[in-house]
K.L.:
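Input: one structure, supplied below.
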Amino acid sequence: MNRLPIAEVLPALRAHLAAHSAVVLQAPPGAGKTTGVPPALLDAPWLAGRRVLMLEPRRLAARAAAAYMARGYGEAVGDTVGYRVRFDSKVSARTRIEVVTEGILTRRLQSDPALEGVGLVIFDEFHERHLETDLALALVRDAQRLLRPDLKILVMSATLDGEGIARLLDAPLVISEGRMFPVQTHYAAREPEGPLAASAVSAVRAALSAHEGDVLVFLPGGGEIRRAQALLADLAPQADVLPLYGDLGWEQQDRALRPGPRRKVVLATPIAETSLTIEGVRIVVDAGYTRVPQFDPATGLTRLATVRVARASADQRAGRAGRLGPGVCYRLWTESVHRGLLAQPLPEIKTADLAGLALDLALWGTEAEALTWLDPPPRAALAQARDLLRDLGALDAANRITPVGREMAALPLHPRLAHLIRCGEARGAGAAACDIAALLSERDLYTGAERQTVDIAARLDALVGFRRSGRAGAQALGADPDACARVDRAARQWRRLLKASTLDAPAVEAGVLLAAAYPDRVAAQRRPNDTHYLLANGRGARLPSYDVHLRAPYLVAANVDAGEAEGVIHLAASVGLADIRDILAARVETVDVVRWDDQSAAVVTRREERLGKLLLRSGASAEVPAERVRAAMLEGVRRLGVAALPWTDEARGWRARVLSMRAWFPEEEWPDVTDAALGATLEHWLAPHLDGYTRRDQLAKLDLLAILQLRLSPAQSQRLREGAPPHLAVPSGSRLPLAYRPGEPPVLAVKLQEMFGCTDTPRVGFGRIPVVLHLLSPARRPIQVTQDLRGFWERTYPEVRKELKGRYPKHPWPDDPLTAPATARTVRKRRV
DNA sequence: CTCTCCCT
């Protein structure tokens, strides 16, 4: 057996572990750390016969590592070396090395925080920085500090971030060399343009003619892989082009992994970066992108974004060409772009939905701030997670776990889905609830071109078909049998955790239970038969174009990509309005809406039922308090403007007089009755008169003058009549109207003949303001404007008289206007 | 541009 590179550092590792409570081992892939380290530590005196627990991020890797080590002992798995993963375990009382996956470790810590019987916890592949790895490290560290000072931690990481974690844990860092063949890396001369698939395909053609061996191409997703596959169809006789991504069934994945009769071009997602190893690869073509989920705490939705690969991931991909011998890697980006890439991918904890983590932290009972994190959970996402958990009843107002929360934590799935199962159980439909939850948490039953609807109901039918008639039953309904098997297995696991009595249940509409789990994603169709919806959280989302079936007025969009301007619905179920109102009764708000409607120029009153941003129902309102109607009517007047009130000439005159007094006697308290001031004080002076008013046309009934006059006290009204009289008596005996304009002296239009004998200009404002006389001809044409009547008689009248005497011979034009009798009479030609 | 990968 070859001596592994890791062997050289084992003595140092043993020495450090004996002296420290935590050690970091940095070793690249191929060093043999996963299977080399645990057996080498088993006889350490500090372990004192206790177990080594090793965390692996994948089930496949956990089982494989256990099997490899067991062979080294010449034993069966489950003797000295065992494993425990979901759905499967091989451990016994003799087991000293137990390989576990992430969910298993978290749950063991929750039920046994002191990790009885365990002397060492190893975190393998720590650089992958899965959410649960970070959580598990924080919890183990906390347990070590509070309960188990003798417990030791070994963090094993493949890449350069070993120093950061060593500093965090105050741990010595041990570095091992890897054992890899050299890989020659080529960068693009300039950044490629156009579709990724096309650039990747040209690189593949060039590489195939320049080198020996199979090609592994990294593309971000299934869409790009299918496009590249179509572009490479002409390679058919010489080479096999094989897709490889998670949605494919086992058979197809297996074809890509096995050595074949011809050269292979494998088109893969990052699944081939760590999870799967392909035989025979000497050439890697890396398009340089990857898809990552980005959780948005504001909407509670996740967006799948296509981003540049990190340098560490690109190195990992290149390394795939150097497993057999020297290899070559083509990177479809320039060296200068490469220098700008992130060194490591963002750890999951920074971008993920933290609902599960928040529930685990609440169950653990230590504040997040008091734990040790390489990257602490972001505040906004943690706050959103706690809001959701309080909503679901898992946390109390102080964010402490409730009995309901404990029950939810006991179900191994997302808190929303745990809630869904509890709701199903309460309705006697536990089995159906398990199926629905499984469809949402496992890979989709429909893949690629088979995906013709987002409807969960169709998937439930396919699941029934699978259970009744096996793989053929699933395939008959267009579903992937492997995916059906996974969903079925998950559903059965949860059913075992439920009370048997709730399992033989009447059918329950999927939409009903989904509404309970995703109240914020209940969605209403924008228009009849539309593909666009509004979610209760206020976000818009659309059905994908391939779905031509689901056109329900209401959906629960359980799986929605946040998208850019609009979300895209990937899984949904229709739900009836009555069911929404029933299951979400506590969240449906009933509001009596009383508001002014500009369109109809009237107050409208409606009773509305709302779920978040959705309007569920709108109908006639019951009795609405009069003051709310009055307030809405007032708002209407405000919007129409004071000018829309029924102003009469008299009312306008009154207003001008009040404003004149206000201008002339600023020391007195005259109210401001301009449009602006009246508009700003409607509540005060108009509101009391609007009882029973609901429409604009009713305003005509208002006696505006009478209402305005109430703004003056009786004494003020009296003073107004005296100081700014509406009419003025002139020498002829006529009472003539005065025209007031705020800020100016009022105007008296009067025929010249009516003023004979009068020498002093009439005054208002208690003698303070001489009026402006508009002296008129007998035909009421303006002759002169003056505030100096005496001056007029003396200087202007003789001229005027000369000019007009001939034109109006039948009117008096006396030589001395000061002694002539004033008269309003015109000619006497119209006798009756 | 029809959703990456992984896990209880």
Side-chain angles (χ1 to χ4, degrees), chain A residues 55-62 84-89 100-111 125 128-136 195-197 218-227 244-248 268-276 287 289-294 301-307 309 313 316 345 348 351-352 356-357 359-360 363 408-415 417-418 437-438 440-444 446-454 483 486 489-490 493-494 497 542-548 559-564 567-571:
Chain A
L55 178 64
E56 277 298 318
R58 277 166 290 280
R59 296 205 285 256
L60 201 68
R84 208 187 286 271
V85 299
R86 186 185 188 190
F87 303 126
D88 188 16
S89 73
V100 299
T101 40
E102 293 169 338
I104 300 276
L105 177 57
T106 309
R107 300 170 70 70
R108 174 171 317 181
L109 279 162
Q110 293 286 17
S111 60
E125 316 284 12
E128 294 191 15
R129 298 295 306 280
H130 291 185
L131 181 61
E132 286 219 80
T133 308
D134 277 15
L135 173 63
L196 273 188
F218 284 101
L219 288 162
E224 291 85 352
I225 287 175
R226 287 190 289 274
R227 212 160 311 125
L244 178 61
Y245 51 97
D247 262 359
L248 294 176
T269 59
I271 194 173
E273 210 173 290
T274 49
S275 312
L276 301 174
Y289 287 86
T290 188
R291 294 219 158 92
V292 291
Q294 296 172 343
L301 297 177
T302 295
R303 166 185 302 110
L304 193 61
T306 307
V307 300
V309 74
S313 308
Q316 176 73 25
E348 216 181 340
T351 58
L357 178 125
L359 185 59
D360 270 322
L363 185 61
M408 280 168 59
L411 287 169
L413 70 174
H414 190 283
L417 298 178
L440 283 166
S441 55
E442 299 297 312
R443 226 178 250 289
D444 197 356
Y446 298 135
T447 61
E450 264 53 66
R451 194 174 287 144
Q452 283 163 15
T453 177
V454 300
R486 283 192 290 259
R489 187 149 73 154
Q493 183 192 31
W494 299 328
L497 297 170
R542 65 173 172 85
L543 292 170
S545 53
Y546 64 81
D547 190 308
V548 292
N559 188 341
V560 189
D561 187 285
E564 297 301 327
V568 181
I569 299 170
H570 292 298
L571 281 180

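Not measured: the values here are computed from a predicted model. Throughout, a chain's letter reflects where its sequence line sits, starting with A, and its residues are numbered from 1.
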K.L.:
Could you tell me the separation between the CD atom of A:Glu125 and the P atom of B:dC5, rounded to a whole number of Å?
P.N.:
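The answer, rounded to whole Å, is 18 Å.
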K.L.:
Can you check whether A:Ala410's main-chain N or O pairs, donor with acceptor, with A:Arg107's side chain at less than 3.5 Å?
P.N.:
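The answer is yes, because a donor-acceptor pair under 3.5 Å joins these two groups.
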K.L.:
Which of the following nucleotides, B:dT8, B:dT4, B:dC5, is nearest to the side chain of A:Ile271?
P.N.:
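Closest of the options to the side chain of A:Ile271: B:dC5.
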K.L.:
Just the rounded figure in Å: distance from C1' of B:dC3 to CG of A:Asp547.
P.N.:
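The answer, rounded to whole Å, is 15 Å.
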K.L.:
Heavy atoms under 4.0 Å, any strand shown: does A:Thr290 hit a base, just sugar-phosphate, or nothing?
P.N.:
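No contact.
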K.L.:
Check every atom of B:dT4, B:dC6, B:dT8 against the side chain of A:Arg58 and return the nucleotide holding the closest atom.
P.N.:
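Among the listed nucleotides, the one closest to the side chain of A:Arg58 is B:dC6.
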K.L.:
Just compare B:dC3, B:dT8, B:dT2 and give me whichever is closest to any side-chain atom of A:His570.
P.N.:
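From the listed options, B:dC3 comes nearest.
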K.L.:
Answer yes or no: side-chain N or O of A:Asn559 and base N or O of B:dC3 forming a donor-acceptor pair under 3.5 Å.
P.N.:
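By the distance-only test, yes, there is a pair.
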K.L.:
Just checking A:Pro57: base, sugar-phosphate only, or nothing, at a heavy-atom cut-off of under 4.0 Å?
P.N.:
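Touches sugar-phosphate only.
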K.L.:
By the 4.0 Å heavy-atom rule, please label A:Thr101 as base, sugar-phosphate, or nothing.
P.N.:
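A:Thr101: backbone/sugar contact only, no base atoms under 4.0 Å.
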K.L.:
Mapping A:His414 and A:Leu304 to their closest nucleotides on DNA chain B, which lands nearer the 5' end?
P.N.:
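Closer to the 5' end of DNA chain B: A:Leu304.
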K.L.:
Please report the distance, rounded to the nearest Å, between CZ in A:Arg84 and P in B:dC7.
P.N.:
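These atoms are roughly 17 Å apart.
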K.L.:
Regarding A:Thr133, tell me which of base, sugar-phosphate or nothing describes its non-hydrogen contacts under 4.0 Å with the strands shown.
P.N.:
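Counting heavy atoms under 4.0 Å across all strands, no contact is made by A:Thr133.
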K.L.:
With nearest nucleotides of DNA chain B determined for A:His130 and A:Arg451 from heavy-atom distances, which residue corresponds to the more 5′ nucleotide?
P.N.:
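The residue mapped nearer the 5' terminus is A:Arg451.
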K.L.:
Base, sugar-phosphate, or nothing: which does A:Gly222 touch, judged by heavy atoms less than 4.0 Å apart?
P.N.:
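Answer is sugar-phosphate: A:Gly222 comes under 4.0 Å of backbone atoms only.
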K.L.:
Rounded to the nearest angstrom, tell me the gap between atom OH in A:Tyr289 and atom P in B:dC3.
P.N.:
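Roughly 18 Å, once rounded to whole Å.
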K.L.:
I want to check something: taking the side chain as every heavy atom from C-beta on, are A:Arg86 and A:Thr101 in contact at a cut-off of under 4.5 Å?
P.N.:
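A side-chain contact is absent here, since even the closest heavy-atom pair is not under 4.5 Å.
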K.L.:
If you count the non-hydrogen atoms of other residues, nucleotides and ligands that lie under 6.0 Å from CG in A:Leu60, is the total more than 12?
P.N.:
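For A:Leu60, atom CG is not crowded (no more than 12 foreign heavy atoms under 6.0 Å).
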K.L.:
With the side chain of A:Tyr546 defined as its heavy atoms from C-beta on, choose the nearest nucleotide among B:dC6, B:dT8, B:dT2.
P.N.:
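Closest nucleotide to the A:Tyr546 side chain: B:dT2.
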K.L.:
Round to a whole Å and report the spacing from CD of A:Glu224 to P of B:dC5.
P.N.:
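Interatomic distance, CD of A:Glu224 to P of B:dC5: 12 Å.
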K.L.:
From the list B:dT8, B:dC6, B:dT4, which nucleotide is the closest neighbour of the side chain of A:Arg86?
P.N.:
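In terms of side-chain proximity for A:Arg86, the closest of B:dT8, B:dC6, B:dT4 is B:dT8.
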K.L.:
Test side chain to side chain contact (heavy atoms under 4.5 Å, CB included) on A:Thr290 and A:Val307 and set out the steps.
P.N.:
CA-CA 6 Å; A:Thr290 188; A:Val307 300; 3.8 Å; yes
K.L.:
Please identify each residue that fulfils salt bridge (Lys or Arg N to Asp or Glu O under 4.0 Å) with A:Glu348, with sequence neighbours left out.
P.N.:
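In terms of salt bridge (Lys or Arg N to Asp or Glu O under 4.0 Å), with neighbours along the sequence ignored, A:Glu348 is linked to no residue.
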K.L.:
Rounded to whole angstrom units, what separation is found between the CD atom of A:Glu132 and the C1' atom of B:dC5?
P.N.:
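Roughly 14 Å, once rounded to whole Å.
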K.L.:
Tell me: CG of A:Leu357 to P of B:dC6, nearest whole Å?
P.N.:
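Atom CG in A:Leu357 sits about 21 Å away from atom P in B:dC6.
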K.L.:
So what does A:Arg303 hit on the nucleic acid, given a heavy-atom distance under 4.0 Å: a base, only sugar-phosphate, or nothing?
P.N.:
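Here A:Arg303 touches no strand at all.
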K.L.:
Name the nucleic acid region contacted by A:Val85, choosing base, sugar-phosphate or nothing; use a 4.0 angstrom heavy-atom cut-off, strictly under.
P.N.:
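The residue A:Val85 makes sugar-phosphate contact but no base contact.
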K.L.:
A:Pro293 side chain: which of B:dT8, B:dC5, B:dT4 is closest?
P.N.:
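My answer, after comparing the listed nucleotides, is B:dT4.
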K.L.:
Just jot down the salt bridge (Lys or Arg N to Asp or Glu O under 4.0 Å) partners of A:Arg443, sequence neighbours excluded, or say none.
P.N.:
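If we apply the salt bridge (Lys or Arg N to Asp or Glu O under 4.0 Å) test to A:Arg443, skipping adjacent residues, the hits are A:Asp247.
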K.L.:
Between B:dC7 atom P and A:Asp134 atom CG, what is the distance in whole Å?
P.N.:
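About 17 Å, once rounded to whole Å.
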